Trainee: 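Questions regarding the structure given below will be posed in turn.
Letters A, B, ... are given to chains in the order of the sequence lines, protein chains preceding strands, and every chain is numbered from 1. These figures come from a predicted structure and were not determined experimentally.
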Amino acid sequence: MPELPEVEIVTRSLIPILKNKILTNFWTSDKNLRSQLSDYECFILTNKKVKRIFRQAKYLILELDNSWILIHFGMTGKITVSKVEQKVFIANNKHVHCSFQAEDNFLYFQDIRRFGGLYFVERSDEKNLFDSQLPFNFGIEPLSEKFNENYIYLISRKVNMPIKAWLMKGIIAGIGNIYASEALFRAGINPNAKTKSLGIIRMSRLVNSIKFVLTEAIRSGGSTINNYSNIDGEAGNYAKKHMVYGRKDKFCLICNYMLDTKYIAQRSSFYCKKCQKF
DNA sequence: ATGAGAACCTGTTCGC
DNA sequence: TGCGAACAGGTTCTCA
Ligand SMILES: [Zn+2]
């Protein structure tokens with residue numbers, strides 16, 4: 001399930017493939033995604049040049065002339081770069097929902113569970129993508145300098161939710177269940193702890209832990225749980241380094257105490273009662 | 001304003 | 001061996 005590190009890896013590897021390329025031959029499936037490009041949008045997009053490729057939150061964003069394509073991977077979204085013609089690829093591969101040509105390559109977006117989506121955004125007047133009234137809650141980038149203990153402390157003073165539920169609300173971009181769990185373990189904070197009960201010292205530890213696990217995950221090629229792979233089809237190695245996520249009925253790698261498993265905000269949570277304090 | 005819960009989706013795993 | 005239930009979770013939506 002792609003979170004920030006996995007989307008970042010895919011984005012970086014797509015830069016040399018897409019930069020300054022003209023897009024043509026848009027194709028979309030008729031299955032419902034969270035969002036899909038309309039025929040009109042495909043028409044508008046045709047023959048536009050890709051000027052910039054970047055990631056914001058969990059979105060891969062292609063910047064074109066006066067417009068953007070945003071791609072969200074949901075849980076099982078995947079991009080394949082291929083020389084195989086569209087008719088052949090689509091006939092031979094399941095769950096293909098969008099494709100286009102970028103000069104010497106074809107791109108294919110596949111998504112088994114269809115939690116992903118494709119969005120087309122046009123520039124309106126002088127507004128850019130990030131100050132307009134778009135239906136995207138991007139949240140603060142956790143690897144930016146603005147994301148620090150003062151910021152997160154200030155905005156969380158009235159939050160009664162468990163800290164893990166709050167981390168996954170999208171206020172902090174790109175954090176999902178895996179990295180919320182891992183960062184809380186590393187920070188020594190119990191995921192059930194009331195958010196506003198955390199003081200500036202512990203918030204500081206949390207901020208550093210979030211930055212650490214995300215950076216490490218990017219360096220390790222991301223986390224492959226079921227089917228994440230980079231655009232070359234290779235699995236990530238970070239799942240081997242998980243301290244708590246997915247380790248049901250296993251023992252804490254630090255203190256050897258049995259890990260706890262519990263649903264918090266509708267999501268499975270793994271943590272060590274001894275190492276992670278309220 | 002805050003937060004709790006449902007809904008979307010399908011491949012895999014588990015229990016009987 | 002087979003069948004159905006449970007499970008996985010990012011995001012948006014509804015409702016208290
Ligand atoms: Zn422990």
Trainee: Tell me: CD1 of A/Ile171 to P of C/dG10, nearest whole Å?
Mentor: 15 Å
Trainee: Going by heavy atoms in the side chains, are A/Ile200 and A/Asn150 under 4.5 Å from each other?
Mentor: yes
Trainee: Assign A/Ser268 to base, sugar-phosphate, or nothing according to its heavy-atom contacts below 4.0 angstrom with the strands shown.
Mentor: sugar-phosphate
Trainee: Given axes from five pairs at either end, by how many degrees does the helix from B/dT2-C/dA16 to B/dC16-C/dG2 bend, rounded to 10°?
Mentor: 60°
Trainee: Testing A/Leu107, A/Asn105, A/Leu45 one by one against A/Phe100 for a side chain to side chain contact (heavy atoms under 4.5 Å, CB included), which residue passes?
Mentor: A/Leu107
Trainee: Donor-acceptor check, side chain of A/Lys48 to backbone of A/Ile44, threshold 3.5 angstrom: yes or no?
Mentor: no
Trainee: For A/Gln110 and B/dG11, give me the distance from atom CD to atom C1', rounded to whole Å.
Mentor: 14 Å
Trainee: Below 4.0 angstrom, which residues in residues 191-198 of chain A have at least one non-hydrogen atom near DNA chain B?
Mentor: none
Trainee: Check the angle between the aromatic planes of A/Tyr238 and A/His242 and answer parallel, tilted or perpendicular using the 30° and 60° thresholds.
Mentor: perpendicular
Trainee: If you define the side chain from C-beta out and look only at heavy atoms, does anything of A/Trp166 sit under 4.5 Å from A/Ile152?
Mentor: yes
Trainee: Not counting sequence neighbours, which residues clear salt bridge (charged side-chain N to carboxylate O under 4.0 Å, His left out) with A/Glu8? List them please.
Mentor: A/Arg12, A/Arg55
Trainee: Identify the residue among A/Asn208, A/Thr195, A/Asn148 that makes a side chain to side chain contact (heavy atoms under 4.5 Å, CB included) with A/Met203.
Mentor: A/Thr195
Trainee: Can you list the residues that meet the salt bridge (charged side-chain N to carboxylate O under 4.0 Å, His left out) rule with A/Asp39, with sequence neighbours excluded?
Mentor: none
Trainee: If the plane angle is over 60° it's perpendicular, under 30° parallel, otherwise tilted; pick one for A/Tyr119 and A/Tyr59.
Mentor: perpendicular
Trainee: Atom NZ of A/Lys248 and atom P of B/dT13: how far apart are they, to the nearest Å?
Mentor: 16 Å
Trainee: In whole Å, what is the span from the CG atom of A/Leu70 to the C1' atom of C/dT11?
Mentor: 14 Å
Trainee: Strictly under 4.0 angstrom, non-hydrogen atoms only: write out the protein contact profile of nucleotides 1-10 of chain B, one letter per nucleotide from the 5' end, B, S or -.
Mentor: -SSSBBBBBB
Trainee: For residues 243-252 of chain A, dump all side-chain donor-acceptor pairs below 3.5 Å to protein atoms at least two apart in sequence or in another chain.
Mentor:
from	atom 1	to	atom 2	distance (Å)
A/Arg247	NH1	A/Met243	O	3.2
A/Arg247	NH1	A/Phe251	O	2.9
A/Arg247	NH2	A/Phe251	O	3.1

Trainee: So, A/Asn177 and A/Lys164: side-chain donor and acceptor under 3.5 Å apart, yes or no?
Mentor: yes
